[in-house]
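These notes concern the structure reproduced below.
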Amino acid sequence: MPRMHPHMLRHTFVTTTMLDAGVSLRDVQIAARHADPRTTMRYDRVRKNLDRHPNYIVAACMASGT
């Protein structure tokens, strides 16, 4: 098992606790104190979660007829 370090705890906080819970990227950016939103987006990209990608949301909405 790798040694625990502060960045691992921060990464877990951002990905597992916040992004997986559905918190918006903007709110995560504020909580993580990222000055640049691209930093926060990297955490989300790592998760490869297409469910929240704008194109996927629009396609799902169109498919459901709403």
Minimum-distance pair of heavy atoms, taken over all atoms of L25 and M41: CD1-CG, 4.1 Å

Residue list, side chain to side chain donor-acceptor pair (under 3.5 Å) with R33, at least two apart or on another chain: none

Distance-only side-chain donor-acceptor flag, T39 / D36, under 3.5 Å: no

Interatomic spacing from CD in Q29 to CZ in R38 - rounded to 0.5 Å: 11.0 Å

same_hphob_cluster(I30, V23) at 4.5 Å side-chain heavy-atom cutoff: no

